[in-house]
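Accompanying notes for the structure given below.
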Amino acid sequence: MGRVALVTGGSRGIGEAISKALQAEGHTVAATYAGNDEKAAAFTEATGIKTYKWNVADYEASKAGIAQVEADLGPIEIVVANAGITRDAPFHKMTPEQWSEVIDTNLTGVFNTIHPIWPGMRDRGFGRVVVISSINGQKGQFAQVNYAATKAGDLGIVRSLAQEGAAKGITANAVCPGYIATEMVMAVPEKVREKIISMIPAARLGEPEEIARCVAFLTSDDAGFINGSTISANGGQFFS
Ligand code: CAA
Ligand code: NAP
């Protein structure tokens, strides 16, 4: 059944693959982005998927953007909170700005994305919420105190939402990707990246489509009894 789906950070990287996978499932997708207009325009040109620009760290902008999407496409029944950033530094070098930017985008951004959509899902008695967490929220990571805190926080969010939404036909789940071949991972210095890959049993980075397939499953009507769970897709790097 075709539904309206919102994917934050849906214009490139993992989000792009998620947007395309949901479109392939027959859903009408809205993909958001922060500032890379060129990439967003190329993405819309290639896929026909509408893009919307707002900063997920800004509650009022998120609320207004979501209202615009619903005016254009109809009520949002699937939401994928995917937008995220890194500001890596060992803790003794991490600045308060690096801490706040990551918390505001990756954690508060998830609240800002789901909160305006949630009441409509409750009223209609159906919803699918997926948050893109990370292996590093499960195991921690050198130089990622800020990032790991947000990604561990995502798991608390979905486990709580699962309990609140279950009686209203809403599920909330997380996907924890391992290291995936996107610009985020390519920004890690090459030598460090090679060392990371050598620690992955699959001996390679994951592909964005391997995460998108998890999301397509969790957002399907068939996944209604899966709630508050976490799918780890990390090439065997970590078990939880
Ligand atoms: N474990 C233990 N020690 C480490 C380490 C590690 N993983 N990485 C670096 N160190 C050590 C270094 O060897 C160095 O030791 P010495 O002082 O004894 O020489 C010390 O820590 C400091 O290293 P640097 O001076 O190189 O630190 P820096 O300030 O230049 O920071 C860095 C470099 C930011 C840590 C860089 O190495 C880096 O980007 N690392 C990768 C971090 C990472 O995995 N990020 C994930 C990004 S992708 C993502 O986040 C997606 C996802 O969800 C999976
Ligand atoms: P990416 O390639 O850097 O793409 C990030 C996307 O998020 C872009 O569309 C970007 O928009 C958008 N975005 C960033 N900040 C935003 C903001 N403040 N408001 C709105 N949109 C914003 O990242 P990725 O690797 O695909 O990662 C996607 C998600 O997966 C993140 O939450 C990340 O933490 C998580 N994850 C990634 C990996 C990995 O290995 N890549 C592993 C585990 C988890 P612009 O194009 O406009 O910049």
Side-chain angles (χ1 to χ4, degrees), residues 6-19 31-43 49 51-59 61-62 65 80-95 98 101-110 112-113 130-154 174-200 204-212 214-215 230-235 237-238:
L6 178 77
V7 183
T8 64
S11 61
R12 68 184 170 90
I14 292 172
E16 175 176 5
I18 294 171
S19 296
T32 83
Y33 70 104
N36 190 336
D37 296 319
E38 204 178 318
K39 175 61 199 174
F43 166 81
I49 294 173
T51 53
Y52 296 81
K53 178 158 98 172
W54 71 76
N55 178 3
V56 296
D58 180 336
Y59 185 79
S62 298
V80 184
N82 164 78
I85 58 169
T86 53
R87 295 290 183 267
D88 293 353
F91 188 56
H92 63 284
K93 292 185 188 171
M94 188 173 285
T95 64
Q98 288 173 316
E101 265 190 87
V102 171
I103 299 293
D104 293 351
T105 305
N106 295 13
L107 190 60
T108 307
V110 172
N112 294 345
T113 298
V130 175
V131 181
I132 306 302
S133 174
S134 166
I135 184 176
N136 292 344
Q138 297 171 303
K139 71 172 187 56
Q141 171 60 33
F142 189 98
Q144 287 201 312
V145 164
N146 50 2
Y147 183 88
T150 65
K151 296 300 178 178
D154 287 341
V175 177
C176 284
Y179 284 77
I180 309 300
T182 70
E183 285 173 41
M184 181 179 277
V185 166
M186 294 311 159
V188 173
E190 194 179 350
K191 267 198 170 156
V192 179
R193 198 168 62 240
E194 279 168 8
K195 206 172 150 197
I196 290 169
I197 294 171
S198 75
M199 292 185 298
I200 303 172
R204 65 171 177 88
L205 297 174
E207 295 300 327
E209 292 72 20
E210 294 179 300
I211 304 308
C214 300
V215 176
T230 300
I231 296 184
S232 297
N234 61 34
Q237 192 181 353
F238 183 75

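Just so you know, residue 1 is the first one in the sequence shown, and it goes up from there. In each ligand, atom 1 is the first atom listed, and ligand 1 is the first ligand listed. Computed from a prediction, not measured in an experiment: that's the story for all the values here.
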Which protein non-hydrogen atom lies closest to [atom], naming both residue and atom, and how far is it?
{"atom": "atom 29 (C) of ligand 2", "answer": "N82 O, 3.0 Å"}
{"atom": "atom 42 (C) of ligand 2", "answer": "G178 O, 3.0 Å"}
{"atom": "atom 38 (C) of ligand 2", "answer": "I14 CD1, 3.8 Å"}

Quick one: does ligand 2 sit under 4.0 Å from the side chain of [X], the backbone, both or neither, non-hydrogen atoms only?
{"X": "P208", "value": "neither"}
{"X": "V56", "value": "both"}
{"X": "T182", "value": "side chain"}
{"X": "W54", "value": "backbone"}
{"X": "K53", "value": "neither"}
{"X": "I180", "value": "both"}

_Qualifying residue, where the test is side chain to side chain contact (heavy atoms under 4.5 Å, CB included) with Q98 and the options are I103, N146, T86_ = N146
*Would you tell me which option among A143, S133, C176 has the nearest heavy-atom contact to atom 35 (C) of ligand 1?*
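Going through A143, S133, C176 one by one, A143 has the nearest heavy atom to atom 35 (C) of ligand 1.
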_Value rounded to 0.5 Å, distance of CD in Q237 from SG in C176_ =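 Those atoms lie 12.0 Å apart.
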*Under 4.0 Å from atom 12 (C) of ligand 1, is there any protein heavy atom?*
no
*atom 3 (N) of ligand 1 touched by protein (heavy atom, under 4.0 Å)*: yes
